[in-house]
Amino acid sequence: MNDVLIKEKIKSIKDAIPKHVTLVAVSKFQSIESIKASYEAGHRDFGENYVQELCNKYEQLPKDIKWHFIGHLQSNKVKYIAPFVHLIHSVDNLKLLKEIDKQGSKNNRIINCLIQMYIAQEETKFGCNEDELFNLIKSSELDTYKHVCIKGLMGMASFTNNKSQIEKEFKYIRTLFDKIKNTTLKQNIDCQILSIGMSGDYSIAIECGSTLIRIGTSIFGERKNI
């Protein structure tokens, strides 16, 4: 997709969504030039799935970009993105959160995170179930983490054309989000972000309370390995 069309797509989506909803342009496998086109259109939030690709792009692109890590994250890779990542969307266990806290301490910064929830009917997706979520946020160990802040939840709906199923899954994670948000919690939990909705279902997600949507294909076209 050419630069002009990318800029038009960014503007079209931003004009169509409520002002309180953040658009993260998923730039996985997209070229530096394509990201620059989005940047020149005034966009600053970009999402990446792979640590090495994210680090390479961080080095080559303006430093006021807010980089979101949205892929499955291994503990031994946290150190590479800890100095600059804006938000990690994919925390699904206390061990990973402990490593993020450790690397946050080394970099003298608080790293914002989302807890990834398993809401889809697909075994290939990652995330916590409801019990695991509340065990994590009630954990006494979490009290000791001074360099992480849990900002909310992330989830991916089933890949299906069944809109009622997608809506059911999004409404379920919304109930969990509201339950955490409306409960007195720890200092390092500030539940403000519900990251649900991608290119095929973001309209449903917004209706269900999404505050952040992750869109790649509808901006950049079909992905190609770079």
Side-chain angles (χ1 to χ4, degrees), residues 1-15 17 19-91 96-97 99-114 116 145-152 154 188 190 192-193 195 197-199 211-221 223-226:
M1 192 176 293
N2 64 50
D3 291 358
V4 173
L5 195 51
I6 288 172
K7 291 176 182 179
E8 289 176 354
K9 292 284 188 180
I10 286 275
K11 184 178 185 305
S12 175
I13 294 171
K14 282 188 169 182
D15 287 347
I17 64 177
K19 297 298 182 185
H20 71 274
V21 176
T22 299
L23 168 63
V24 172
V26 179
S27 47
K28 164 189 171 184
F29 296 155
Q30 301 299 333
S31 68
I32 295 296
E33 290 71 26
S34 293
I35 299 172
K36 282 182 177 177
S38 305
Y39 181 89
E40 289 166 2
H43 196 68
R44 294 295 181 270
D45 289 270
F46 294 89
E48 291 286 335
N49 290 62
Y50 299 105
V51 168
Q52 184 175 350
E53 185 177 353
L54 172 53
C55 291
N56 290 342
K57 289 175 176 175
Y58 170 76
E59 292 298 332
Q60 297 180 64
L61 287 159
K63 295 303 178 279
D64 61 336
I65 287 177
K66 297 175 182 178
W67 290 107
H68 297 246
F69 189 82
I70 60 177
H72 185 62
L73 182 60
Q74 296 175 307
S75 295
N76 62 351
K77 299 289 182 67
V78 174
K79 60 186 176 184
Y80 299 112
I81 63 173
F84 65 87
V85 70
H86 175 69
L87 181 65
I88 297 173
H89 290 230
S90 48
V91 175
L96 177 57
L97 203 59
E99 181 63 22
I100 295 170
D101 179 69
K102 175 183 173 182
Q103 297 302 328
S105 177
K106 286 184 177 180
N107 287 277
N108 194 31
R109 64 187 298 250
I110 294 172
I111 300 176
N112 292 325
C113 303
L114 304 179
Q116 181 172 355
Y145 298 168
K146 306 302 182 185
H147 291 88
V148 296
C149 183
I150 295 173
K151 301 294 290 185
M154 184 270 263
N188 55 5
D190 179 26
Q192 300 294 327
I193 300 171
S195 174
M198 299 189 291
S199 289
T211 68
L212 185 153
I213 55 176
R214 311 176 306 273
I215 298 188
T217 304
S218 294
I219 296 171
F220 299 109
R223 295 189 182 104
K224 296 178 181 178
N225 290 5
I226 59 172

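Treat the numbers as computed from the prediction; the structure is a model and nothing was measured.
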Is there a donor-acceptor pair under 3.5 Å between the side chain of Arg214 and the backbone N or O of Ser195? yes
Which distance, rounded to the nearest 0.5 Å, do you find between the CG of Leu212 and the NE2 of His20? 10.5 Å
For residues Asp45 and His43, determine if any side-chain heavy atom of one lies less than 4.5 Å from a side-chain heavy atom of the other. yes
Heavy atoms of other groups near Asn76 CG, more than 12 under 6.0 Å: yes
If only atom types and distance count, is the side chain of Lys63 paired as donor or acceptor with the main-chain N or O of Leu61 below 3.5 Å? yes
Do other residues, nucleotides or ligands put more than 12 heavy atoms under 6.0 Å from Lys11 NZ? no
If you look at every heavy atom in Leu96 and Ser90, which pair is closest and at what distance? CD2-O, 3.9 Å
Report the distance from atom NZ of Lys9 to atom OG1 of Thr217, rounding to the nearest 0.5 Å. 11.0 Å
Option among Val78, Val85, Asn49 that satisfies the side chain to side chain contact (heavy atoms under 4.5 Å, CB included) test with Phe69: Val85
From Gln103 atom CD to Tyr80 atom OH, the distance as rounded to the nearest 0.5 Å: 10.0 Å
Between Leu114 and Ile193, is there a side-chain heavy-atom distance shorter than 4.5 Å? yes
Using a strict threshold of under 4.0 Å (side-chain N to carboxylate O), is an ion pair present between Lys57 and Glu53? yes
Of His86, Glu48, His89, the one forming a side-chain hydrogen bond (donor to acceptor under 3.5 Å, both in side chains) with His68 is His89
Any donor-acceptor pair under 3.5 Å from Asn107 side chain to Arg109 backbone: no
Quick one: does Ile150's side chain get under 4.5 Å of Asp190's, heavy atoms only? no
Does any N or O in the side chain of Ser31 come within less than 3.5 Å of the main-chain N or O of Ser34, such that one atom is a donor and the other an acceptor? yes
Neighbour count >12 (heavy atoms, 6.0 Å) for atom CD, Gln60: yes
Does Tyr145 reach the side chain of Ile111, with side-chain heavy atoms less than 4.5 Å apart? no
Using a 4.5 Å cut-off on heavy atoms from C-beta on, say whether the side chain of Phe29 contacts that of Phe220. no
Using 30° and 60° as the class boundaries, would you call the ring planes of Trp67 and Phe46 parallel, tilted or perpendicular? tilted
Would you give the length of the straight line joining atom CG of Asn56 to atom CD1 of Ile32, rounded to the nearest 0.5 angstrom? 8.0 Å
Ile215 and Val26: CA distance, side-chain angles, deciding distance, side-chain contact (heavy atoms from CB on, under 4.5 Å) verdict: CA-CA 5 Å; Ile215 298 188; Val26 179; 5.7 Å; no
So Ile100 and Ile88, do their side chains get closer than 4.5 Å, heavy atoms only? yes
Distance-only polar pair, side chains of Thr211 and Gln192, donor-acceptor under 3.5 Å: no
Can you find a heavy atom in the side chain of Thr22 that is under 4.5 Å from one in the side chain of Ile213? no
Judged by atom type as modelled, is there a donor-acceptor pair below 3.5 Å linking the side chain of Asp101 to the main-chain atoms of Leu97? no
Would you say the side-chain atoms of Arg44 pair up with the backbone N or O of Tyr39, donor to acceptor, closer than 3.5 Å? yes
Search all heavy atoms of Gln30 against all heavy atoms of Ile35 and return the closest pair with its distance. O-CD1, 4.3 Å
Cys55 side chain near Ile81 side chain, heavy-atom distance below 4.5 Å: yes
Distance check, rounded to the nearest 0.5 Å: Glu99 atom CD versus Leu73 atom CG? 9.5 Å
One pair to check against side chain to side chain donor-acceptor pair (under 3.5 Å): Lys102 and His147. What are the steps and the verdict? CA-CA 7 Å; Lys102 175 183 173 182; His147 291 88; over 6 Å; no
Note: Asp3-Lys7 ion pair, threshold 4.0 Å (strictly below): no
Shortest non-hydrogen contact between Ser199 and Gly216, atoms and distance: OG-N, 3.6 Å
Rounded to the nearest 0.5 Å, what's the gap from CD1 on Ile110 to CG on Asn188? Could you check? 9.0 Å
